[in-house]
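None of these values were measured; they are calculated from a predicted model. By convention here, the first residue in the shown sequence is residue 1.
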Amino acid sequence: MSLYERIADLRVTIESVDRRRHVANTTSGFERTTTEYRLSGDGVVGKGEDVTYETADHDALAGTDPIDLEGEWTIDGLSDRLDEIDLFHGHSPESETSRNYRRWAVESAALDLALRQRGESLGDALGIDPEPLRFVVSTRLGDPPSTDRVEVLLARDPDLEFKLDPTPEWPDEAFETLRKTDAVRVLDLKGWYEGTDVDVEPDPELYRDVFAAFPAAVVEDPAFTPATGALVEPQADRLSFDYPIDGVESLKSLPVEPGWCNVKPSRFGTLESLFETIAYCEREGIELYGGGQFELASGRTAIQTLAALCYPDGPNDVAPRAYNDPDAEPPYPKSPLRPSGDAVGFEF
């Protein structure tokens with residue numbers, strides 16, 4: 001029985017649907033807005049977080065009625081029903097990927113509610129015991145680039161590991177300092193992003209420096225261009241992809257067979273697509289790790305739970321929110337995060 005089949009027939013009773021908006025500053029210098037969908041029934045609440053990046057798409061929910069999902073469902077039946085519902089209420093999102101983000105919020109909330117109504121955790125339903133969850137801290141070096149934050153965090157916790165976003169502005173000193181820490185596990189080149197604030201133009205010199213300075217690190221989302229292709233293709237075993245991955249077909253269509261995949265659950269939209277992709281990667285020998293999107297509420301717990309159940313030892317970009325909160329004070333949680341014996345719902 002597949003992972004999805006183990007949850008597809010879970011029954012859920014939905015009596016009401018509500019939404020809650022969350023807003024917070026981040027250590028990356030921008031204000032994050034998300035919307036949490038809250039499905040209630042039988043005296044408990046299931047939660048799922050819409051991580052759409054554009055604040056205007058969250059603003060557009062004002063004055064709209066929550067979606068009509070009241071009734072008795074299976075998880076699979078509810079997903080079929082969502083095929084027929086416009087979760088954007090006639091408003092076209094600024095990015096089409098946001099449709100998957102919002103769909104994930106509702107489906108994960110429904111699964112959370114179904115599990116809570118049964119008094120079970122996701123691990124119970126899947127028949128998997130969660131393991132201690134290894135995480136890395138994702139951070140940027142700023143403008144101008146400085147390794148100060150990495151060094152400060154390592155001074156507090158020498159075992160901490162990192163996921164960083166290299167740019168052509170990184171000086172040679174940054175590469176040398178970071179290499180000496182032996183703490184960088186993932187480098188995200190963001191070569192597949194288009195029209196966002198974090199786009200990084202493919203730069204052969206940057207790619208060459210990254211591959212040389214961090215020979216054992218995972219390199220995420222390199223672009224394949226006439227100038228970078230010859231550098232990237234021989235590195236396939238340690239390449240990972242994130243931005244273009246929203247299901248099995250997207251993995252199959254990549255220009256190389258990667259050694260790694262960054263699993264950001266919201267990119268898949270549906271629970272079925274998420275679990276199908278995890279199963280595909282396991283069959284094909286593609287290593288997995290979890291990715292974060294500056295979640296502010298239940299979404300962070302959800303990505304941590306999936307990682308603890310399915311890829312606990314990966315360089316998971318799912319660090320506790322304190323690492324993304326500019327107002328948080330140390331001490332910060334340490335890796336690995338330990339499972340709780342009292343977990344219920346989408347928790348571990």
Side-chain angles (χ1 to χ4, degrees), residues 4 7-25 30-118 122 246-247 264-274 293-303 305 321 344-347:
Y4 182 67
I7 62 162
D9 291 331
L10 292 183
R11 303 201 68 82
V12 60
T13 300
I14 301 175
E15 297 170 359
S16 66
V17 180
D18 198 4
R19 300 184 299 248
R20 181 172 296 178
R21 184 180 175 114
H22 296 272
V23 180
N25 291 322
F30 72 98
E31 184 180 76
R32 183 65 161 121
T33 300
T34 67
T35 297
E36 188 175 64
Y37 280 76
R38 302 165 67 89
L39 312 184
S40 301
D42 291 347
V44 291
V45 179
K47 304 171 186 177
E49 191 170 4
D50 173 12
V51 295
T52 293
Y53 281 98
E54 292 78 13
T55 300
D57 289 331
H58 298 282
D59 292 341
L61 288 170
T64 64
D65 293 327
I67 52 178
D68 180 11
L69 290 176
E70 287 80 5
E72 302 275 347
W73 306 91
T74 63
I75 293 298
D76 193 56
L78 180 70
S79 184
D80 288 343
R81 173 68 178 120
L82 289 172
D83 287 339
E84 305 168 354
I85 295 177
D86 177 11
L87 297 177
F88 283 81
H89 306 273
H91 161 79
S92 294
E94 294 192 18
S95 170
E96 281 301 305
T97 58
S98 296
R99 294 193 183 277
N100 276 0
Y101 296 165
R102 191 160 292 175
R103 175 70 173 261
W104 165 257
V106 179
E107 291 211 10
S108 60
L111 178 56
D112 187 38
L113 179 59
L115 293 166
R116 291 179 184 280
Q117 288 175 342
R118 295 164 63 93
L122 180 58
D246 58 9
K264 287 184 177 173
S266 63
R267 292 209 192 279
F268 298 87
T270 67
L271 291 160
E272 183 173 19
S273 179
L274 168 68
Q293 293 175 287
F294 294 95
E295 296 85 0
L296 302 180
S298 57
R300 201 67 175 179
T301 304
I303 63 174
T305 298
R321 207 174 75 77
V344 65
F346 222 131
E347 299 175 351

Distance-only polar pair, side chains of Glu347 and Thr301, donor-acceptor under 3.5 Å: no

For His89 against Asp65, the heavy-atom pair lying closest together: CE1-O, 3.2 Å

Nearest non-hydrogen partners of Arg321 and Ala24, listed with the distance: NH1-CB, 4.1 Å

Phe88 six-ring face occupied by Arg99 cation (under 6.0 Å, within 45°): yes

Donor-acceptor pair, side chain of Glu94 and main chain of Ala56, under 3.5 angstrom: no

Val12/Thr74 under side-chain contact (heavy atoms from CB on, under 4.5 Å): CA gap, chis, key distance, verdict: CA-CA 6 Å; Val12 60; Thr74 63; over 6 Å; no

Under 3.5 Å donor-acceptor, Glu295 side chain and Gln293 backbone: yes

Nearest atoms (heavy-atom pairs only) where Val45 meets Ser40: CG2-OG, 3.6 Å

Side-chain heavy atoms of Phe268 within contact of Asn100, under 4.5 Å: no

Min side-chain heavy-atom separation Asp42-Arg116 under 4.5 Å: no

Closest approach of Leu69 to Ile85 (non-hydrogen atoms, all atoms of both residues): CD2-CD1, 3.7 Å

Leu10 and Arg118, any side-chain heavy atoms less than 4.5 Å apart: yes

Heavy-atom check, side chain of Thr13 versus side chain of Trp73, under 4.5 Å: no

Separation between OG of Ser273 and CG of Asp246, rounded to the nearest 0.5 Å: 6.5 Å

Evaluation steps, ring-ring contact (aromatic ring centres under 6.0 Å, His included), between Phe294 and Tyr53: CA-CA 9 Å; Phe294 294 95; Tyr53 281 98; 7.3 Å; no

Any donor-acceptor pair under 3.5 Å from Asp18 side chain to Arg38 backbone: no

Between Glu54 and Ser95: side-chain donor-acceptor atoms closer than 3.5 Å: no

Gap between atom CD of Glu70 and atom CG of Leu39 - 0.5 Å precision: 9.5 Å

Close side-chain approach of Pro265 to Ile303, heavy-atom, < 4.5 Å: yes

Check: Glu36/Ser298 side-chain N/O donor and acceptor closer than 3.5 Å: yes

Point-to-point distance, once rounded to the nearest 0.5 Å, from NE2 of His91 to CG of Asp59: 9.0 Å

Exercise: do Arg267 and Tyr101 side chains pair donor with acceptor under 3.5 Å: yes

Check: Leu61 main-chain N/O paired with Arg19 side-chain donor or acceptor under 3.5 Å: yes

Non-hydrogen side-chain atoms of Leu122 and Leu115 separated by less than 4.5 Å: yes

Check: His58/Thr35 side-chain N/O donor and acceptor closer than 3.5 Å: yes

Closest heavy-atom pair and its distance - Gly48, Ala109: N-CB, 3.4 Å

Inter-residue atom distance Ser98.OG - Asp50.CG, 0.5 Å rounding: 7.0 Å

Interatomic spacing from CD1 in Ile14 to CD1 in Ile67 - rounded to 0.5 Å: 8.0 Å

Under 3.5 Å side-chain donor-acceptor pair for Ser266 and Arg103: no

Distance-only side-chain donor-acceptor flag, Thr34 / Glu49, under 3.5 Å: yes

Pairwise side-chain contact, Glu107 with Leu78, heavy-atom cut-off 4.5 Å (strictly under): no

Donor-acceptor contact present, side-chain Arg102 to main-chain Leu87, <3.5 Å: yes

Within-4.5 Å side-chain heavy-atom neighbours: Lys47 and Ser108: no

Working for side-chain contact (heavy atoms from CB on, under 4.5 Å), residues Leu274 and Trp104: CA-CA 10 Å; Leu274 168 68; Trp104 165 257; 3.8 Å; yes

Pair Tyr4, Asp76: side-chain N/O donor-acceptor within cut-off below 3.5 Å: yes

Backbone of Val51 reached by a side-chain donor or acceptor of Arg32 within 3.5 Å: yes

Heavy-atom closest contact (Asp57 atom, Ser92 atom, distance): OD1-O, 4.3 Å

